[in-house]
Chemist: 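Below is one structure. I have some questions about it.
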There are 2 protein chains.
Amino acid sequence: MAALDGCVVPEPDAARVAATRDRLVTPDEATRLAELFRLLGDPTRARLLYALLEAGELCVCDLADAVEVTDTAVSHALRLLRTAGIVASRRAGRMIYYRLADAHVRMLLDLSREHLKETG
Amino acid sequence: MAALDGCVVPEPDAARVAATRDRLVTPDEATRLAELFRLLGDPTRARLLYALLEAGELCVCDLADAVEVTDTAVSHALRLLRTAGIVASRRAGRMIYYRLADAHVRMLLDLSREHLKETG
DNA sequence: ACAACACCTGAAGAGCTATTCATATGTGCA
DNA sequence: TGCACATATGAATAGCTCTTCAGGTGTTGT
């Protein structure tokens, strides 16, 4: 791409860009990070996760009730979150209880609320 | 929420009620949070943001070079991030320098990398 | 065994999104 | 003023995603 040649005159910028490219997340890592955020970036899934953040552990039917969507939609959503390692599940009889997978996910959800508070 | 039906406190004191209300996420708030995550949940935008996280401040053409996408695509991506308050811009001559908008965004990006490292 | 229940899965269509092309705006320089 | 550069914008299409529907699996109680 010729954008670099036209934009960066041989000046401090060139060194900065080179240094940036070295420390840049690899395409693979960026893709996986985007995938993580993409999974949080759906209203239904986000509401499920924040419900779990507050309640700690909920079964599918309780989640469907809390988020006000069909249990099928909840099940589809939870499958994506589960296979991505964002939530974990535990069977108790015929019910399956879901919870947030780890502390990082909890911190992520908390931090984003902070951002929302300050930016309106 | 059905899971909390048993948690009836006869005389809720004001402080705890306030704290609880502060902790609760309304459907509207969850939807806005999902919108925030959705914007981070695209490979191009994610790579732009991580480039800014590491470089501090970059112009559009430098970003296009770093992420290896056309400057038009970068411009479109930055517009979404800018209007959402995720990045901020500063004009210097004919170039426009972009940076992450606030510390919460930076922490968010850092935290998600931690999550990725630990979960594989 | 059977029925009821809680949950899961595959397929399909409506709706949304990201990229591209073409064009426009704004800035610096001669 | 005219030109080159850096970035922004609008429109359109290809590709993706969420929801729904229909049916499937596993569990409990009778």
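Residue numbers begin at 1 in each chain, while the letters A, B, ... track the order of the sequences.
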Chemist: Quick check: do B:Arg90 and B:Ile96 have side-chain heavy atoms less than 4.5 Å from each other?
Modeler: no

Chemist: Does this structure show an ion pair linking B:Arg38 with B:Glu35, if we count only N-O contacts that are shorter than 4.0 Å?
Modeler: yes

Chemist: Is the shortest side-chain heavy-atom distance between A:Leu40 and A:Val105 below 4.5 Å?
Modeler: no

Chemist: Tell me whether B:Arg113 is salt-bridged to B:Glu54, with the criterion being a basic N under 4.0 Å from an acidic carboxylate O.
Modeler: yes

Chemist: Between atom CG in B:Leu40 and atom P in C:dA18, what is the gap in whole Å?
Modeler: 12 Å

Chemist: Round to a whole Å and report the spacing from CG of A:Asp65 to P of C:dC5.
Modeler: 17 Å

Chemist: Does the side chain of B:Arg106 reach to within under 4.5 Å of the side chain of B:Leu53, using non-hydrogen atoms?
Modeler: yes

Chemist: Any side-chain heavy atom of B:Leu58 sitting closer than 4.5 Å to one from B:Tyr97?
Modeler: no

Chemist: Does the protein touch nucleotides 6-16 of chain C at the base, only the backbone, or not at all? Give it as B, S and - per nucleotide, heavy atoms under 4.0 Å.
Modeler: SSBBBB-----

Chemist: Take the protein atom CD of A:Glu35 and the nucleotide atom P of C:dA18, then report the distance between them rounded to whole Å.
Modeler: 14 Å

Chemist: By nearest nucleotide on DNA chain D, pick out whichever of A:Thr44 and B:Ser89 is the more 5' one.
Modeler: B:Ser89

Chemist: Can you check the A:Phe37 CZ to C:dT17 C1' distance for me, whole Å?
Modeler: 19 Å

